[in-house]
There are 2 protein chains.
Amino acid sequence: MATRTRRPERREDALSRTRIVAAAVELLDVTGEGGLTFRALAAHLRTGPGAIYWHVANKDELLTAGTDAVLAGAMATDVAGDTPQDAIRSLALGVFDAIDAHPWAGTQLTRTPSQPSVLRLFERIGQQLRALDVPAAAQFSSASALLNYILGVAGQNAALARSQEPGTDRAAVLEAASANLDADEFPFTRSVAGQLRDHDDREQFLAGIDLVLAGIAGLQ
Amino acid sequence: MATRTRRPERREDALSRTRIVAAAVELLDVTGEGGLTFRALAAHLRTGPGAIYWHVANKDELLTAGTDAVLAGAMATDVAGDTPQDAIRSLALGVFDAIDAHPWAGTQLTRTPSQPSVLRLFERIGQQLRALDVPAAAQFSSASALLNYILGVAGQNAALARSQEPGTDRAAVLEAASANLDADEFPFTRSVAGQLRDHDDREQFLAGIDLVLAGIAGLQ
DNA sequence: ACCTGAACACCGTTCAAGT
DNA sequence: ACCTGAACACCGTTCAAGT
């Protein structure tokens with residue numbers, strides 16, 4: 001009879017950091033930011049809350065790891081054949097789409113300083129700016145500007161998702177809200193509200209990226 | 001004897017929405033985002049937690065009102081004599097400084113959709129873009145881009161403040177962190193980390209605004 | 001009308017005890 | 001080494017009872 005490995009058989013339902021994080025992401029996606037509690041997560045994993053703490057330090061680590069898992073795809077985007085601008089656009093869109101699918105990750109992205117996914121995004125943006133021959137002295141602030149814009153959108157999308165039932169027509173809600181604004185105090189907002197009807201969040205997001213890229217191009 | 005007004009004498013320590021919000025701001029400034037609890041606030045106001053609920057619906061309303069109070073100054077900035085670009089710069093700097101002094105407000109700004117201060121900021125930016133003769137079709141996305149950039153910075157500053165003792169040298173901490181990064185995976189971040197030493201957050205923030213403004217100018 | 005403070009229904013986290 | 005689940009120290013919010 002062949003010798004069996006000494007390592008204990010891995011039961012299907014054995015706990016592990018990976019399984020815990022995956023379950024947390026699932027819970028967050030289904031129940032929203034408020035739905036992730038150690039009790040609910042433990043119930044989902046058919047164990048007690050204490051068991052989770054053997055694999056994960058605390059709730060913040062859970063959220064950080066979940067956000068990282070969700071952004072891994074966007075961060076791995078292959079941009080080898082693209083122009084630097086297109087590479088930045090597709091990185092940014094990858095992040096946008098990931099947040100769109102998992103709005104709670106947008107909150108976490110803007111909440112935790114040096115969230116690993118943010119650092120990796122900054123790095124990837126910076127590499128493209130080098131390829132663009134952005135002057136060395138302007139590389140840092142240019143990468144920061146792009147990053148901050150992306151994080152700002154991520155945060156706003158997360159806030160909007162938090163306040164509305166999934167599947168709500170955001171534009172319609174925003175448009176209705178702006179119709180109630182005082183015309184004297186909010187002339188611009190009201191004048192622009194009509195554009196919400198047939199506006200595409202994703203295109204709008206890209207238009208902002210392009211504005212920053214145009215500014216960067218102007219640096220020579 | 002002159003008739004006294006029927007309105008009861010306003011005791012110095014009578015509760016009111018204004019006093020509650022002011023106390024909340026004070027508590028947030030001193031103890032940070034985690035320090036605002038209804039019990040602590042009630043103790044500060046020498047009353048019970050229930051009393052606060054007579055004047056304020058819930059914690060979120062308290063945070064929204066506090067953020068609004070803190071940003072009122074920045075929003076009221078007089079920009080009458082400025083060029084549109086300078087007006088946008090000074091509005092943005094006003095927000096930056098307010099968040100710098102009250103980092104918890106940066107979190108709230110990015111957390112609540114249609115936080116009133118955000119709406120007013122969007123409006124004021126938009127009015128300047130009109131003055132700049134930005135094409136009508138581009139006004140909305142241009143104002144959004146500026147707003148999102150500002151909110152992104154606000155969020156990051158709040159996150160950084162949350163993670164550090166007040167008064168910590170942020171640049172030094174970031175620089176130390178980046179020195180620990182793998183050189184092969186983070187060449188850009190490491191190359192740029194040196195600039196952190198003598199970089200000014202405020203200038204860096206403005207550089208980003210200028211990048212977007214340059215992009216907007218390029219729209220014709 | 002406004003305030004009081006105990007009570008309710010939760011949290012995140014810890015830890016003795018088990019296997 | 002890993003899991004269990006009761007217990008601790010909090011929360012936000014409600015509400016009967018007071019003035």
Side-chain angles (χ1 to χ4, degrees), chain A residues 4-28 30-67 104 107-108 111-112 162-163, chain B residues 4-28 30-67 104 107-108 111-112 162-163:
Chain A
R4 305 275 226 93
T5 163
R6 243 43 92 30
R7 181 189 291 247
E9 295 291 320
R10 221 170 239 296
R11 284 179 302 132
E12 276 289 310
D13 59 342
L15 229 44
S16 70
R17 200 186 138 91
T18 313
R19 263 194 79 228
I20 290 171
V21 171
V25 167
E26 205 180 307
L27 203 53
L28 284 161
V30 174
T31 60
E33 292 178 28
L36 180 64
T37 69
F38 277 82
R39 275 167 253 260
L41 185 57
H44 199 181
L45 292 164
R46 304 180 171 284
T47 180
I52 298 170
Y53 282 90
W54 184 261
H55 302 273
V56 163
N58 53 37
K59 190 169 181 177
D60 212 62
E61 192 181 305
L62 205 49
L63 281 164
T64 302
T67 301
W104 52 268
T107 307
Q108 182 60 17
R111 262 191 67 84
T112 303
R162 205 184 299 118
S163 73
Chain B
R4 303 277 224 92
T5 163
R6 243 41 93 28
R7 184 188 290 249
E9 294 292 318
R10 223 168 239 294
R11 285 178 302 132
E12 277 287 310
D13 59 342
L15 227 44
S16 70
R17 200 187 139 90
T18 313
R19 263 194 81 228
I20 290 171
V21 171
V25 167
E26 206 180 307
L27 203 54
L28 283 161
V30 174
T31 60
E33 293 179 27
L36 179 65
T37 68
F38 277 82
R39 273 165 254 260
L41 184 57
H44 199 179
L45 292 164
R46 303 178 171 286
T47 181
I52 298 169
Y53 282 91
W54 184 261
H55 302 273
V56 162
N58 52 38
K59 190 169 181 177
D60 212 63
E61 192 180 305
L62 204 49
L63 282 163
T64 301
T67 301
W104 52 268
T107 307
Q108 183 60 18
R111 261 192 68 84
T112 302
R162 205 183 300 120
S163 72

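Quick caveat, the model's predicted, so the values are computed rather than measured. Per chain, numbering begins at 1; letters A, B, ... match sequence-line order. Heavy atoms only: backbone and side chains are in, while hydrogens, waters and symmetry mates are out.
Under a 4.0 Å N-O distance rule, the pair A/Arg19/A/Glu26 does not qualify as a salt bridge.
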Original post:
Please walk me through it: do B/Glu61 and B/Arg17 pass side-chain contact (heavy atoms from CB on, under 4.5 Å)?
Top reply: CA-CA 11 Å; B/Glu61 192 180 305; B/Arg17 200 187 139 90; 2.5 Å; yes

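Using a distance-only test at 3.5 Å, with no hydrogens or angles considered, a donor-acceptor pair links the side chain of B/Arg162 to the main chain of A/Arg111. In this structure a side-chain-to-backbone donor-acceptor pair under 3.5 Å is missing from B/Lys59 to B/Thr37.
Rounding to whole angstrom units, CZ of residue B/Phe38 and P of C/dA9 are separated by 19 Å. In this structure, the CG atom of B/Leu45 is 14 Å from the P atom of C/dG5, given to the nearest Å. Going from atom CZ of A/Arg19 over to atom C1' of D/dC2 covers 14 Å, rounded to whole Å. Whole-Å rounding puts the B/Leu41 CG to D/dG12 P distance at 10 Å.
Nearest nucleotide to the side chain of B/Thr37, out of C/dG12, D/dG12, C/dC2: D/dG12. For A/Trp54, the listed nucleotide lying nearest its side chain is D/dA1; candidates were D/dA1, D/dG12, C/dT13. The side chain of B/Arg39 has D/dT13 as its nearest neighbour among D/dC2, D/dT13, D/dA7. Each of D/dC11, C/dG5, D/dC3 was ranked by its minimum atom distance to the side chain of B/Pro49; first place goes to C/dG5. When each of D/dT13, C/dT13, C/dC2 is scored by its nearest atom to the side-chain atoms of A/Lys59, the top-ranked nucleotide is C/dT13.
Phosphate contact (OP1/OP2 of D/dC3, side-chain N/O of A/His55, threshold under 4.0 Å): present.
Between the CG atom in B/Leu27 and the CH2 atom in B/Trp104 there is a gap of 10.5 Å [rounded to 0.5 Å].
Residues A/Leu63 and A/Leu36 are in side-chain contact: their nearest non-hydrogen atoms beyond the backbone lie under 4.5 Å apart.
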Subject >> Base-pairing string, 5' to 3', of DNA chain D - Watson-Crick or wobble, under 3.5 Å, | interstrand >> reply: ||.|||||...|||||.||

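Using a 4.0 Å heavy-atom distance criterion, A/Leu62 is classed as making no nucleic acid contact.
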